[in-house]
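Beneath this line is the structure, given in structure tokens, with notes to follow.
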There are 2 protein chains.
Amino acid sequence: MRYNDSHKKETEQKITNAALLEFRSNGYHGVGIDGIAKSAGVTSGAFYTHFNSKSDAFLRAIELGLEELNNELARRQGEDTGEWLSEFLEWYLTPPDEANEISKKTLQSFPVQGGCALTTLAPEVCRSGIKAKQAFEKELVTTTSLIKNGLNGGGNREAWSILSGLLGAITLARSVEDNDTAVEILSSVLSTTRALFKQQQ
Amino acid sequence: MRYNDSHKKETEQKITNAALLEFRSNGYHGVGIDGIAKSAGVTSGAFYTHFNSKSDAFLRAIELGLEELNNELARRQGEDTGEWLSEFLEWYLTPPDEANEISKKTLQSFPVQGGCALTTLAPEVCRSGIKAKQAFEKELVTTTSLIKNGLNGGGNREAWSILSGLLGAITLARSVEDNDTAVEILSSVLSTTRALFKQQQ
DNA sequence: GTCATTAGATACTAATCGTTATCTAACAAT
DNA sequence: ATTGTTAGATAACGATTAGTATCTAATGAC
């Protein structure tokens with residue numbers, strides 16, 4: 001072998017991260033191999049030494065994207081101040097304060113800006129094959145388990161309701177032109193969900 | 001003029017309906033002009049005598065799709081048995097009983113099968129330009145008004161929460177492979193939303 | 001019946017799609 | 001220093017993309 005193993009692994013990670021970013025922003029059919037490769041700083045030749053196909057990279061993007069969500073969730077539960085759910089909901093549903101002159105990359109990581117795979121990839125998975133759905137479901141089971149374990153006596157019902165509200169709110173907010181309307185949608189679901197699970201946390 | 005006006009209008013409607021159907025099932029980038037034209041039983045030449053561009057047809061599909069949702073909503077409120085919200089939620093979130101040997105076309109009209117523009121087009125609108133968002137928002141205002149007017153003392157908050165839950169539930173249910181999981185998601189959001197607004201209807 | 005109009009079909013453009021084949025060059029091993 | 005391996009670049013494949021230009025044929029008006 002000419003390069004050491006870590007070099008290859010790093011490139012693969014760069015491409016996987018780029019695939020996640022591009023699929024999130026543009027959708028599965030909204031970006032090509034060239035676009036993903038360019039975003040990763042390589043060419044399509046490099047792409048195919050690491051992935052067999054576009055759909056293969058999509059599967060990896062699904063895994064990586066939902067793992068990131070699960071990590072965010074677990075982290076907030078770990079440093080629990082007794083209000084993890086409320087804080088998680090607020091992080092997910094509150095648009096970043098642009099007055100803070102936040103960097104463009106940091107801005108992109110906000111769910112409201114399309115920075116969460118749950119919201120941005122789920123509609124793509126709907127239109128994908130069985131493999132994508134299985135990959136999506138596998139990670140989603142972890143998400144619901146985390147939520148359930150963090151709630152006092154909550155079951156799957158509560159977890160699905162929370163996740164549905166989050167996904168729906170972000171999608172609707174990003175689908176309207178007026179910023180005030182978007183903020184109204186987000187704060188509506190935030191307060192409704194908070195009220196719904198006030199006791200159970 | 002060679003054909004009478006109604007003939008041209010009929011063709012345009014066929015294409016608009018096909019565009020809605022195709023955009024809903026495949027997403028904006030998941031289908032081309034040829035695909036839409038073929039679905040409408042014409043060729044791409046006919047498409048461009050009725051629409052200036054693909055994005056133009058998308059705008060019309062957004063309008064038509066959300067109008068259909070608003071009609072469903074208004075109809076249920078019109079023949080109100082005192083339970084319109086509950087019935088609307090059930091229609092939206094209950095998978096069709098396949099044992100009933102329902103026709104394929106009827107099956108396709110169910111929201112759970114991707115038959116609602118709110119759920120299927122919103123993620124596409126997110127990634128579209130300002131015109132699509134304005135068109136989407138314009139129709140959505142009608143939807144929320146209808147819901148508000150049908151609730152006892154409900155405001156925008158309630159309407160946005162209901163719509164977010166519906167959108168999220170359908171999207172999640174369609175993103176998992178296991179049918180039992182999908183049913184669980186749908187029934188979870190159905191019961192949560194029903195409980196939330198039991199008094200207000 | 002002839003003619004003017006035009007809805008729609010056909011054929012084409014340049015660009016891009018996912019993928020494969022070939023080539024280059026950077027490195028580890030000798 | 002030479003060599004073998006292979007990560008990654010380059011180039012090409014046929015298919016498809018959105019859009020345009022040209023053509024055909026159906027029709028109402030005369």
Side-chain angles (χ1 to χ4, degrees), chain A residues 1-62 121 124-125 127-129 131-132, chain B residues 1-62 121 124-125 127-129 131-132:
Chain A
M1 64 197 80
R2 35 191 208 108
Y3 296 99
N4 54 24
D5 285 357
S6 71
H7 180 263
K8 186 176 182 183
K9 279 226 169 90
E10 279 170 28
T11 306
E12 184 174 323
Q13 277 181 3
K14 273 199 302 182
I15 298 176
T16 309
N17 279 314
L20 173 56
L21 182 71
E22 294 296 321
F23 284 140
R24 275 196 324 216
S25 353
N26 306 113
Y28 184 78
H29 290 109
V31 67
I33 308 299
D34 285 355
I36 293 171
K38 191 173 185 181
S39 171
V42 295
T43 62
S44 63
F47 177 91
Y48 280 99
T49 68
H50 296 279
F51 299 94
N52 292 322
S53 65
K54 186 183 184 181
S55 55
D56 248 41
F58 185 52
L59 293 183
R60 283 292 302 125
I62 291 169
L121 296 192
E124 308 300 312
V125 173
R127 298 172 175 134
S128 298
K131 282 189 164 184
Chain B
M1 63 198 77
R2 40 195 204 100
Y3 296 99
N4 54 26
D5 286 357
S6 71
H7 180 262
K8 187 176 181 183
K9 279 226 170 89
E10 278 170 28
T11 306
E12 185 174 323
Q13 276 180 4
K14 274 200 302 182
I15 299 175
T16 309
N17 279 314
L20 172 58
L21 183 71
E22 294 297 320
F23 284 139
R24 276 195 325 216
S25 353
N26 306 113
Y28 184 79
H29 289 111
V31 67
I33 307 298
D34 284 356
I36 293 171
K38 191 174 184 179
S39 171
V42 296
T43 62
S44 64
F47 177 91
Y48 281 99
T49 69
H50 295 280
F51 299 94
N52 292 323
S53 65
K54 185 183 183 183
S55 54
D56 248 40
F58 185 51
L59 293 183
R60 281 293 301 126
I62 291 170
L121 296 193
E124 307 300 311
V125 173
R127 296 169 176 138
S128 299
K131 282 190 164 185

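A, B, ... follow the sequence lines: proteins, then strands. Residue 1 opens every chain.
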Rounded to whole Å, CD of A:Glu10 lies from P of D:dT6 at a distance of 19 Å
Which heavy atom of A:Ala40 sits nearest a heavy atom of A:Ile15, and at what distance? CB-CA, 3.8 Å
Between B:Lys38 (NZ) and D:dT16 (P), how many Å, whole number? 10 Å
Ignoring the backbone of B:Ser44, work out which of D:dA9, C:dT10, C:dG8 is nearest its side chain. C:dT10
Could you write nucleotides 13-18 of chain C as a row of B, S and -, 5' to 3', where a protein heavy atom under 4.0 Å of any base atom gives B, of only sugar-phosphate atoms gives S, and otherwise -? -----S
Please state how far atom CZ in B:Phe47 lies from atom P in C:dA11, giving the value in whole angstrom units. 21 Å
Report the distance from atom CD1 of B:Ile36 to atom C1' of D:dG19, rounded to the nearest whole Å. 13 Å
For residues 18-25 of chain B, which side-chain donor-acceptor pairs fall under 3.5 Å, sequence neighbours excluded?
{"from": "B:Glu22", "atom 1": "OE2", "to": "B:Ser39", "atom 2": "OG", "distance (Å)": "3.2"}
{"from": "B:Arg24", "atom 1": "NH1", "to": "B:Gly115", "atom 2": "O", "distance (Å)": "3.4"}
{"from": "B:Ser25", "atom 1": "OG", "to": "B:Leu21", "atom 2": "O", "distance (Å)": "2.5"}

Without decimals, in angstroms, what is the distance between B:Asp56 CG and D:dG19 C1'? 13 Å
In whole angstroms, the gap separating P of D:dT17 from CD of B:Glu22 amounts to 11 Å
Would you give me the side-chain donor-acceptor pairs under 3.5 Å for residues 42-54 of chain A, sequence neighbours excluded?
{"from": "A:Thr49", "atom 1": "OG1", "to": "A:Ala46", "atom 2": "O", "distance (Å)": "2.8"}
{"from": "A:Ser53", "atom 1": "OG", "to": "A:Ser55", "atom 2": "OG", "distance (Å)": "3.1"}
{"from": "A:Ser53", "atom 1": "OG", "to": "A:Asp56", "atom 2": "N", "distance (Å)": "3.2"}
{"from": "A:Lys54", "atom 1": "NZ", "to": "A:Tyr28", "atom 2": "O", "distance (Å)": "2.8"}
{"from": "A:Lys54", "atom 1": "NZ", "to": "A:Val31", "atom 2": "O", "distance (Å)": "2.8"}

At their closest point, which heavy atom of B:Glu124 faces which heavy atom of A:Glu124, and how far apart are they? OE2-OE2, 4.2 Å
Whole angstrom value for the distance that separates C1' of D:dG8 from CD of A:Gln13: 18 Å
Whole Å only: how far is the CZ atom of A:Phe51 from the P atom of D:dG8? 11 Å
Is the phosphate of C:dG8, meaning OP1 or OP2, less than 4.0 Å from a side-chain N or O of B:Thr11? yes
Less than 4.5 Å apart, any side-chain heavy atom of A:Lys38 and any of A:Asp34? no
To check you understand the geometry: which heavy-atom pair defines the closest contact between B:His29 and A:Asn26, and what is its length? ND1-O, 4.5 Å
